[in-house]
Structure formats: C-alpha cells, structure tokens
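Here the structure comes first, spelled out in structure tokens, and everything after it is commentary.
Fair warning: this is a prediction, and the values are worked out from it, not measured in the lab. Just so you know, ligand 1 is whichever comes first in the structure, and atom 1 is the first atom listed for that ligand.
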Amino acid sequence: MTTPPLTHQPRKLSAEGITKTFGGVTAVSDVSFEVIPGTIHALIGPNGAGKSTCFNVLTGVYRPTAGTVRLGDEMLTDCRPHEVAKLGVGRTFQNIALAERLSVRDNLMLARHRLTRAGFVATGLGLPGARREQRRHLERVREIAEFVGVTHLLSQPTGTLSYGDQKRVELARALCIEPSVLLLDEPVAGLNASESRHMARQILDIRDQLGVSVLLVEHDMGLVMSIADRVTVLDFGRLIAEGTPAHVQQDPAVLSAYLGTAAGATSGDQSSAPLTSSTTGSTP
Ligand SMILES: Nc1ncnc2c1ncn2[C@@H]1O[C@H](COP(=O)(O)OP(=O)(O)OP(=O)(O)O)[C@@H](O)[C@H]1O
C-alpha cells in the first residue's frame, strides 16, 4: 500500500483560554489544551460539557468570545471554516455531510479542490496543465481511497452506501485536504462493533503511517481509552482533567462528573465501568 505523503508539516494545534457564550449560556469557559504532533488526543465529557462548541471554535464555525486558536505559528481564531481547512485542519462531522448524488470519487475530488492551482477556466477548457493537475489529484484520491479501504466504492454515489462505508468516505474526504491535524466528531457513533474496531485501527494508522495528529470527540470510552495518547475532560464548559487515559480514569473529578458519585471512587469499582476500555467492543 502506498503511504500518502504529507503536504503539511506536523504542527501543534493550541487552544488558549477559549471561552464561548451564547446569550446567557457559557458553553465553554477558559479552556486551554494542545494537540501535540503525532498524537491522538481525545476531548471527552458528559452531555452538554462543551465538546462540540470547542470543536466548532477550533474549526472556525464559531468565533470564540475570548481566547485564541493556533496551528503552529498560524493564528486561526478569526478564520472561516474553509480557511481553517486550507491551513491544515481537516474535520469529519457527527452527521455525515457528503454530497449524496455524487460518486465517492467526485466527493473526494471536491475536497481536493482547494489544493488545485489551475484556474476554473483552464480546468473547464481542459488545458494541458490543468489536465495534468487533474490526473495527479485523481491519483492521490485513489491512494487515499486505498488507505481507508474504499477503492471499490469510488464510482458509487455516496447516498447508496451503508452508514459504515459513508463514515469511511468522510474520513477519506477529510484526508484529501492533506491536513496536519484531523478533528473527528464521534467517529464510531452508529457503527457496529466490527466497524468500530476497524475505525479505531484506521485512526491509529492515520497517526502512525501518515504522521497526522488527531483530535477526537467521542462518547465511546472503549475507543478513547484504547487509542488516545492524551485525554482532555470537560464538564459544564470547564476543563476538569487532562492526562493519559490511565490518569484521567482515576481522576476523582472525572469520575464524579460522569457518574455523579462522591469524588474518590476508584476505577476498579463497578460504578466506574463507563470509563474503562472493556465496556465496548472498540478496542482495535
Ligand atoms: N448554539 C447554541 N446556542 C445556545 N446554547 C448552546 C449552543 N450550542 C451549545 N449550547 C449550550 O452549550 C452547552 C455545551 O453544549 P455542547 O453541545 O458544546 O456540549 P457537548 O459536550 O458537545 O454535548 P453532547 O455530548 O451532548 O453533544 C450546552 O449547555 C448547550 O445547551
């Protein structure tokens, strides 16, 4: 298998003092963390903790009320979503956002569009330079499709694919922008145990073979605890813990946030099951 080369150099994604309010609601309050190049970083927390809001701030969907977002030396805080993507932050969506009538190939080619140098007119007229560039993009789309295992689906309209295959195509599409950091919003939500294991393996390959760092929001603690290098935990919009999976699983504040138990419960307790990796089938 060809390992796709990276266009972007690995760079650190940093959130510094992020606050986001909606009217009177503070969804995220003074949250700081860093996604170190070459790592899988999970952002977890109970419902309403502020994970999606954080994700949307990092990808330019929301402008933070306070705080900054950087990718390496690049300031992303005031960038629109397409600018954030262009600078090297790819993302998938909780609700799949593919063009259903277009083939998988065309969906992936659309994602390559921002990397296209030839102008719209040159491409439309099929000028030689534009044709060469188009061929290079098609070749790259095939490599990425092979990497995520969807080569056999390239000609199919995405709307006809199973949910699991659509999730893989979404991942391929995010990789098509040649990101240095990939943000995954609930990558295994709705997948069966075998599909989840495959996705977990794929995320590890993205880190290990492509050198792309990953930030994932996920409710499946089995997945998080088995593949994440670091975990940031939010509760009521605030950062309450950060560290390795083993560290946060033992953290009294984390156990309390998830379980509503008295701080100090140990992860060996029956009550701590939601934070152990053996509670789901996601272990790769
Ligand atoms: N657009 C919005 N307008 C008003 N309040 C919002 C908006 N988006 C989020 N909130 C509020 O901000 C808080 C954090 O929500 P958010 O969706 O970020 O949490 P979450 O951790 O992603 O939750 P879940 O795991 O349930 O998806 C919640 O109280 C939510 O109701």
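- Under 4.0 Å is where a charged nitrogen must lie from a carboxylate oxygen, and between E195 and K167 no such pair does.
- With hydrogens and angles left out, the side-chain atoms of T232 and E242 include a donor and acceptor closer than 3.5 Å.
- Of all the heavy atoms in T77 and R63, the pair that sits closest is O-CG, 4.3 Å.
- In this structure, F22 and Y62 have perpendicular ring planes: the angle between them is above 60°, well past the 30° mark.
- A salt bridge between E139 and R136 is absent, with no side-chain N of the basic residue lying under 4.0 Å from a carboxylate O of the acidic one.
- The 4.0 Å heavy-atom shell around ligand 1 contains residues F22, A27, P46, N47, G48, A49, G50, K51, S52, T53, Y62, H219, ordered by chain and number.
- With sequence neighbours excluded, no residue forms a salt bridge (charged side-chain N to carboxylate O under 4.0 Å, His left out) with R105.
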